[in-house]
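This report refers to the structure that appears directly beneath it.
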Amino acid sequence: MKKILVIGASGQIGSDLVIELRKRFGNENTIASDIRLASDEIMSSGTFETLNVLEKDNLINVCKKYNIQEIYHLAAILSGNAEKNPLKSWEINMQGLLNVLEVAKELSLNKIFWPSSIAVFGPSTTKTNTPQFDIMDPNTVYGISKLAGERWCEYFYEKFNVDVRSLRYPGLISYKAEAGGGTTDYAVEIFYEAIKNKKYECFLSAETSLPMMYMEDAINATIELMEADKQKIKIRSSYNLAGISFNPKEIANEIKKHITDFKITYKEDFRQAIANSWPKSIDDSVAKKDWGWQHKYNLAEMTKIMLKEIAKKLS
Ligand code: SER
């Protein structure tokens, strides 16, 4: 069995991905790592290493210690938080990725996964059904780092034959870990507040539509991409990936079907400008064609699961 390293195992994606990788490839074969401890579920089900991706020598040591063949590198500063500390965020997002790519090259690792984002797009991008190839003029530090990262991934594939694969995730919605400093976080926070207080003050306006996805779809997409035959992977920058698109008013209306007295109010903050620069919906036909991607969850199904699981967690 191959040995997998997940960097950023304590974050929003890592909290779900590690568990699914352990289910599919074995607890002992999936090493979780992060700078902070992970969930109890991760800490108790397999090996955890404290690892800062900026410390390349430690990364090499961990890879050698466990004979790692694949890395899922998830650690990053998200869009909202990155705006508060641009240069530090650039270092973490860029140098972290470059360290992983360099290590993959030096140790001849089999495969690397690295997430890109809808944040690679910008104000001049086609807003609706954004195609795989379009104008990319991101105006956030996070978006700039993701676009540069995509170019580096393709470069390492072309020049050094590093088998790196990537997805442009939409806003991800999950109940295991809370979102961490992004612009799409409202779509997770809203469920906690609906259950706890029956009200939510949203930092985006009612009509701000963004591409979103339920975490299980994102995890399936990630593992399907990584398990696909190499010759099927035609895009070495990052694939567009789509699930559902909705705005705060629409998700609030869906929640009201379950919590009838739920109330949403709106008070835009600095993240409104970030959301305005991003697409409203994404065309992922290239991913569908190349490796057979298809999402499963719609807004209604996702809302039902999120309300049920978060209520369970809070009780
Ligand atoms: N969910 C991310 C963010 O809002 C987008 O990739 O920053």
Side-chain angles (χ1 to χ4, degrees), residues 8 10-17 72-86 88-90 92-94 96-97 113-123 125 127 130 136-150 153 166-191 202-205 208-219 221-222 225 237-248 251 268-282 284 287 295 302 306:
S10 312
Q12 195 202 7
I13 302 167
S15 299
D16 278 271
L17 183 66
Y72 289 75
H73 169 42
L74 309 173
I77 307 295
L78 289 183
S79 60
N81 280 350
E83 291 306 299
K84 295 174 192 160
N85 201 344
K88 186 70 199 163
S89 305
W90 172 260
I92 293 169
N93 293 0
M94 281 326 303
L97 172 62
F113 177 81
W114 173 78
S116 185
S117 161
I118 53 166
V120 291
F121 298 113
T125 302
K127 286 277 174 226
T130 304
M136 297 166 109
D137 58 347
N139 58 9
T140 63
V141 177
Y142 176 72
I144 299 170
S145 74
K146 288 296 184 188
L147 180 53
E150 286 191 6
C153 287
S166 176
L167 297 169
R168 290 173 183 152
Y169 289 134
L172 299 182
I173 299 165
S174 66
Y175 59 85
K176 277 200 180 146
E178 288 177 49
T183 301
T184 56
D185 290 17
Y186 90 84
V188 178
E189 289 169 11
I190 195 169
F191 290 105
C202 186
F203 58 76
L204 297 181
S205 69
T208 309
S209 288
L210 287 170
M212 300 277 188
M213 180 177 280
Y214 181 54
M215 187 61 87
E216 193 180 308
D217 273 334
I219 299 298
T222 305
L225 176 75
S237 50
S238 191
Y239 277 100
N240 272 12
L241 188 73
I244 34 184
S245 274
F246 56 80
N247 63 37
I251 193 173
E268 296 170 27
D269 72 10
F270 72 102
R271 288 169 284 191
Q272 183 66 48
I274 300 178
N276 290 346
S277 76
W278 289 354
K280 295 178 189 301
S281 59
I282 296 286
D284 61 355
H295 81 276
M302 180 192 80
M306 287 292 287

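Starting from 1, each residue takes its place in the sequence as its number. Whatever order the structure lists them in is the order used to number ligands and atoms, beginning at 1.
Considering only non-hydrogen protein atoms, atom 1 (N) of ligand 1 sits nearest to Thr184 OG1, 2.8 Å.
A distance-only check finds a donor-acceptor pair linking the side chain of Asp284 to the backbone of Ala242 [under 3.5 Å]. Checked by atom type and distance alone, the side chain of Ser238 pairs as donor or acceptor with a backbone atom of Leu167 at under 3.5 Å.
Interface of Thr183 with ligand 1, defined as ligand atoms under 4.0 Å from a residue heavy atom, comprises 3 (C), 4 (O), 7 (O). Taking every non-hydrogen atom of Ser117 and a distance limit under 4.0 Å, the qualifying atoms of ligand 1 come out as 5 (C), 6 (O). Near Trp278, meaning under 4.0 Å from any of its heavy atoms, are these atoms of ligand 1: 3 (C), 4 (O), 5 (C), 7 (O).
At a 4.0 Å cut-off, not a single heavy atom of Ile118 sits close enough to ligand 1 to count as contact.
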Can you check side chain to side chain contact (heavy atoms under 4.5 Å, CB included) on Glu178 and Phe191, steps first, answer last? CA-CA 11 Å; Glu178 288 177 49; Phe191 290 105; over 6 Å; no
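For ligand 1, the polar-atom distance check against Tyr169 finds no nitrogen or oxygen pair separated by under 3.5 Å. Distances between N or O atoms of Tyr142 and those of ligand 1 include at least one value under 3.5 Å. For ligand 1, the polar-atom distance check against Ser79 finds a nitrogen or oxygen pair separated by under 3.5 Å.
Taking the six-membered ring where tryptophan is involved, the planes of Trp278 and Tyr142 are tilted, since the angle between them lies from 30° to 60°.
One side chain, Thr183 or Ser79, offers a donor N or O that lies under 3.5 Å from an acceptor on the other. For the residue pair Gln272 and Thr208, a side-chain donor N or O sits within less than 3.5 Å of a side-chain acceptor on the partner.
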